[in-house]
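None of these values were measured; they are calculated from a predicted model. Numbers here simply count residues along the sequence, with the first being 1.
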Amino acid sequence: MSVKKTIRPEQVSKREQVQGLLRGVRLDIDGYKQLHALLVRQRDLMKRRDNAGLALHNDEQTKLCELLMERAKKRSVTLVALGFSGNSKGMEDLIARLPQASQQQVLLLWRNLVKLVKESQQFNEENGKLLVSQQEVINSLLNKQPESQNDYGHAR
């Protein structure tokens, strides 16, 4: 039986921490591309009202979102351990302190990740609006008052 040892950020050299941050950014770019594809699929399942498909799909999407949030939290902790704020501004400040040769490439990666995050948030909001509108239609059909229904039998 093996025991997994947790390495805290302060036990790793600053160089290794920065390299880990960059690996995480690359992984998150791939993760957010996957999330976008899942959000597109989710919208399609919602439009088709495929509840069984949605149940399976949402489990997969939730797991990916949890992984992305875990990596973002790890990035925040590492930034703080390196002496920066644990947010986007901290990442930008770190990038500004990198060697000139690396700055541009890392900045492009970071901006790409930020763009993908915003696009995913927007797409998720649109999916939420679709869900709300579907629920409103269902509720209006289920909650019609008898007096608001037309009774053509009495109009003879």
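Counting only heavy atoms from C-beta outward, the side chains of L107 and L98 never approach each other to under 4.5 Å. Annotation: side chain of R75 is in contact with side chain of V25 (closest heavy-atom distance under 4.5 Å). Here the side chains of L79 and K74 are not in contact, with every heavy-atom distance at 4.5 Å or above. Annotation: side chain of V18 is in contact with side chain of L94 (closest heavy-atom distance under 4.5 Å). In this structure, the side chains of M91 and F84 stay at 4.5 Å or more apart for every pair of heavy atoms. For the pair N112 and L108, the minimum side-chain heavy-atom distance is 4.5 Å or more.
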Under 3.5 Å, side-chain donor or acceptor atoms of residues 29-44 against the rest of the protein: list the pairs with distances, not counting sequence neighbours.
residue, atom, partner, partner atom, Å
R41, NE, H57, ND1, 3.2
R41, NH2, H57, ND1, 3.0
R41, NH2, E60, OE1, 3.1
Q42, OE1, N127, ND2, 2.9
Q42, NE2, N58, OD1, 3.0
R43, NE, N127, OD1, 2.9
R43, NH2, E126, OE1, 3.0
R43, NH2, N127, OD1, 3.3
D44, OD2, R48, NE, 3.1
D44, OD2, R48, NH2, 3.2

Take D28 and L68, measure what side chain to side chain contact (heavy atoms under 4.5 Å, CB included) needs, and give me the verdict at the end. CA-CA 7 Å; D28 280 356; L68 290 168; 3.5 Å; yes
E119 and K115: salt bridge (charged side-chain N to carboxylate O under 4.0 Å, His left out), yes or no, with the steps? CA-CA 6 Å; E119 288 173 358; K115 179 177 144 273; 3.6 Å; yes
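With no hydrogens or angles considered, no side-chain donor-acceptor pair links S133 and E136 at under 3.5 Å.
Counting non-hydrogen atoms of neighbouring residues, nucleotides and ligands closer than 6.0 angstrom, the CD atom of Q103 exceeds 12 such neighbours.
In this structure, the separation between OG on S13 and CD on E16 is 3.5 Å, given to the nearest 0.5 Å.
Placement of V117 and L27 in two distinct hydrophobic clusters is found when ILVMFWY residues are connected by side-chain heavy-atom separations under 4.5 Å, directly or transitively. The hydrophobic cluster containing L54 also contains L131, counting ILVMFWY residues as joined when their side-chain heavy atoms lie under 4.5 angstrom apart, directly or transitively. L130 and L45 fall within the same hydrophobic cluster, where Ile, Leu, Val, Met, Phe, Trp and Tyr residues are linked whenever their side-chain heavy atoms come under 4.5 Å apart, directly or through other members.
Contact record, G86 with S76: O-OG, 2.8 Å, taken as the closest heavy-atom pair. The minimum heavy-atom distance linking S88 with V114 is given by the pair OG-CG2, 4.3 Å. Contact detail for Q134 and M46: the closest heavy-atom pair is NE2-O, 2.8 Å.
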